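All values derive from a computational prediction rather than experimental measurement. Atoms considered below: every heavy atom in the structure, side chains included; atoms not considered: hydrogens, waters and symmetry mates. Positions are given from 1 along the sequence.
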Amino acid sequence: MGNFIRIDKWGIFPESGKPYIIAGPCSVENEKMLLETASVLKKAGIPVMRGGLWKPRTRPDSFEGVGEAGLPWMSEAGKTFGIRTATEVANPRHVELALEYGIDMLWIGARTTGNPFLVQEICEVLKGTDVPVLVKNPPVAEPELWIGAIERLERCGIRKIGAVHRGFSTFGKSIYRNDPLWQIPVEIRKALPEIPIFCDPSHIGGNRMLVGDISRKAVSLGFDGLMIETHPDPDNALSDAAQQITPEKLSVLTDSLKVRGESIANASAMSTIEELREEIDIIDGSIIDLIARRMEIVETIGDLKRKDNIQVLQTQRWNRVIEKAVRAAENKNLPGGFIEEIFNIIHREAMERQLRQ
Ligand code: PEP
Ligand code: MN
């Protein structure tokens, strides 16, 4: 692959604008909120306002966006305040309409990236245009699917392409709505070093308390930009209320971002100690999540044992658990004794819980 146009030549972001910020509501709800947001963002020096018109919702009864009706509001807000506009396109018709209304930048959402048929259809209508297109990662942690969507665009002659890391779906408890799995955007950077990578801390965190930390992490890892959901009244937003921040808070956040030297924008620098530590923090978080989940199951079993009058300590069962764990550990070159020690500590806590119940 090649022939990509560098982000500072897209004609969208200021040359010295790194990290490049795109901010705006998850969904465009009405003209008033959009104009209000555009005005504050412009004052805060944000170059691009995002707004979802067609909303891909997980469940059918959620707000699905104002659709086409919001396009004139977006172009009006863009012209009035001198701010660039961006929206999500999920099918060829969306692309045609967005281009007709002069939307400056498009993005392909996570659910669409996961569907190569749809990506191909979108690419076909983009042929011959020079609109910048950002590609969000698919919900599944499959770098090839993400790269594949970018390749399809490139083959249709699109030269202004960026990637957006918005985290990955996982089953089970996590502090994140979508797990960041930072090693995946690092892979993308290695595979496609000419492509700018944005981080979307709003969809990764799913909670406004996490947005600042995730943004700072992304910047320190060498991401080129951020896409942040901003709403004038986040608690009453019609979609993704928990993760949106006010434009005023956004301003404070962007001021807190310190960009390191240019050199960290390349692949090797992203694989530094810092990145490895990020990975360790994520693994540690997962270990805790898994232990917590294990204890929940232990308590459920405790309830059943009590109901059926079964004794708490079942030595045979525990011996089998340990044997299996030691074997699995040794297959991974971990000393059996070390794993046995960890499991005995976990078992002690589990027994105490069942006896306390
Ligand atoms: C969005 O940006 O509002 C959105 C729907 O994001 P994603 O495609 O990442 O879920
Ligand atoms: Mn959203």
Visitor: Consider only side-chain heavy atoms of I, L, V, M, F, W and Y, link residues closer than 4.5 Å, and tell whether Leu192 and Ile108 are in one cluster.
Guide: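 As far as the 4.5 Å side-chain criterion goes, Ile108 and Leu192 are connected within one cluster.
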Visitor: Indicate yes or no for a side-chain donor-acceptor contact from Thr37 to the backbone of Met33 under 3.5 Å, with no hydrogens or angles considered.
Guide: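 Side chain of Thr37 to backbone of Met33, a donor-acceptor pair under 3.5 Å: yes, one is there.
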Visitor: Take atom CZ in Arg356; do more than 12 heavy atoms of anything else shown fall under 6.0 Å from it?
Guide: yes
Visitor: Side-chain contact test, heavy atoms from C-beta onward, threshold under 4.5 Å: evaluate it for Leu210 versus Pro201 and give yes or no.
Guide: no
Visitor: If only atom types and distance count, is the side chain of Asp200 paired as donor or acceptor with the main-chain N or O of His165 below 3.5 Å?
Guide: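 Looks like no, no N/O pair under 3.5 Å.
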Visitor: For Val298, does its backbone N or O pair with a side-chain atom of Gln354 as donor and acceptor, under 3.5 Å?
Guide: yes
Visitor: I'd like to know if the side chain of Asp179 and the backbone of Phe168 have a donor-acceptor N/O pair within less than 3.5 Å.
Guide: no
Visitor: Donor-acceptor check, side chain of Asp240 to backbone of Gln243, threshold 3.5 angstrom: yes or no?
Guide: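 Side chain of Asp240 to backbone of Gln243, a donor-acceptor pair under 3.5 Å: no, none is there.
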Visitor: Please list all pairs passing the salt bridge (Lys or Arg N to Asp or Glu O under 4.0 Å) test where one or both residues lie in residues 31-50, with sequence neighbours left out.
Guide: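 Listed by first then second residue: Lys32-Glu36, Arg50-Glu229.
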Visitor: Got a sec, which residues hit salt bridge (charged side-chain N to carboxylate O under 4.0 Å, His left out) with Asp213, two or more places apart in sequence or on another chain?
Guide: Arg216
Visitor: For residues Ile103 and Leu153: do they belong to one hydrophobic cluster (side chain heavy atoms under 4.5 Å, members Ile, Leu, Val, Met, Phe, Trp, Tyr)?
Guide: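 Per the 4.5 Å side-chain linkage, Ile103 and Leu153 are co-clustered.
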Visitor: Using modelled atom types only, decide if a donor and an acceptor are shared between the side chain of Asp224 and the backbone of Tyr20 within a distance under 3.5 Å.
Guide: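 Not a single qualifying donor-acceptor pair exists.
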Visitor: Of all residues at least two apart in sequence or in a different chain, which pass the salt bridge (charged side-chain N to carboxylate O under 4.0 Å, His left out) check with Arg93?
Guide: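 Arg93 satisfies salt bridge (charged side-chain N to carboxylate O under 4.0 Å, His left out) with Glu96 once adjacent residues are dropped.
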Visitor: Taking 4.0 angstrom as the limit, do Lys127 and Glu124 come out as a salt bridge?
Guide: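 Between Glu124 and Lys127 there is a salt bridge, with a charged N closer than 4.0 Å to a carboxylate O.
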Visitor: My understanding is that a hydrophobic cluster links ILVMFWY residues whose side chain heavy atoms are under 4.5 Å apart, including indirect links. Using that, what else belongs to the cluster containing Ile322?
Guide: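 Joined to Ile322, directly or through intermediates: Ile283, Ile287, Ile291, Met295, Trp318, Val321, Val326, Leu334, Phe338, Ile339, Ile342, Phe343, Ile346.
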Visitor: Mind listing the closest non-hydrogen atom pair of Leu253 and Ser215 along with its distance?
Guide: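 Heavy atoms of Leu253 and Ser215 come nearest at CD2-OG, 3.9 Å.
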Visitor: Taking all non-hydrogen atoms of both residues, which atom of Thr129 and which atom of Leu99 are closest, and how far apart?
Guide: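 Nearest heavy atoms, Thr129 then Leu99: CG2-CD1, 3.8 Å.
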Visitor: Would one find more than 12 heavy atoms of other residues, nucleotides or ligands at under 6.0 Å from atom NZ of Lys249?
Guide: no
Visitor: Check each of Leu226, Ile7, Ile21 against Phe198 using the side-chain contact (heavy atoms from CB on, under 4.5 Å) test, and report the only one that passes.
Guide: Ile7
Visitor: Enumerate the residue pairs fulfilling ring pair (Phe, Tyr, Trp, His ring centres under 6.0 Å) with a member in residues 50-107, sequence neighbours excluded, ordered by first and then second residue.
Guide: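 Non-adjacent pairs meeting ring pair (Phe, Tyr, Trp, His ring centres under 6.0 Å): Trp54-His94.
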Visitor: Determine the minimum heavy-atom distance between Val131 and Ile158, stating which atoms define it.
Guide: O-CG2, 4.1 Å
Visitor: Just do the salt bridge (charged side-chain N to carboxylate O under 4.0 Å, His left out) check on Arg320 and Glu323 with the steps written out, would you?
Guide: CA-CA 5 Å; Arg320 278 201 307 275; Glu323 259 170 47; over 6 Å; no
Visitor: Does Gly102 offer a backbone N or O that forms a donor-acceptor pair with the side chain of Ser75 under 3.5 Å?
Guide: no
Visitor: Can you check whether Gln316's main-chain N or O pairs, donor with acceptor, with Gln314's side chain at less than 3.5 Å?
Guide: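 Absent.
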Visitor: Are the side chain of Ser174 and the backbone of Tyr176 linked by a donor-acceptor contact shorter than 3.5 Å?
Guide: yes
Visitor: At their closest point, which heavy atom of Ala237 faces which heavy atom of Gln244, and how far apart are they?
Guide: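 What the structure gives for the nearest pair is CB-NE2, 3.4 Å.
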Visitor: Is there a donor-acceptor pair closer than 3.5 Å between any side-chain N or O of Arg189 and the backbone N or O of Gly222?
Guide: yes
Visitor: Going by the rule salt bridge (charged side-chain N to carboxylate O under 4.0 Å, His left out), which residues pair with Arg6 if we only count those two or more places apart in sequence or in a different chain?
Guide: Asp8
Visitor: Can you tell if the side chain of Asn137 reaches within under 4.5 Å of the side chain of Ile184, non-hydrogen atoms only?
Guide: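 Side chain of Asn137 against side chain of Ile184, heavy atoms only: no contact under 4.5 Å found.
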Visitor: At their closest point, which heavy atom of Pro47 faces which heavy atom of Ile12, and how far apart are they?
Guide: CB-O, 4.2 Å
Visitor: Could you give me the CA-CA distance, side-chain angles and deciding distance for Glu296 and Glu299, then say whether side-chain contact (heavy atoms from CB on, under 4.5 Å) is met?
Guide: CA-CA 5 Å; Glu296 274 175 23; Glu299 287 184 2; 5.9 Å; no
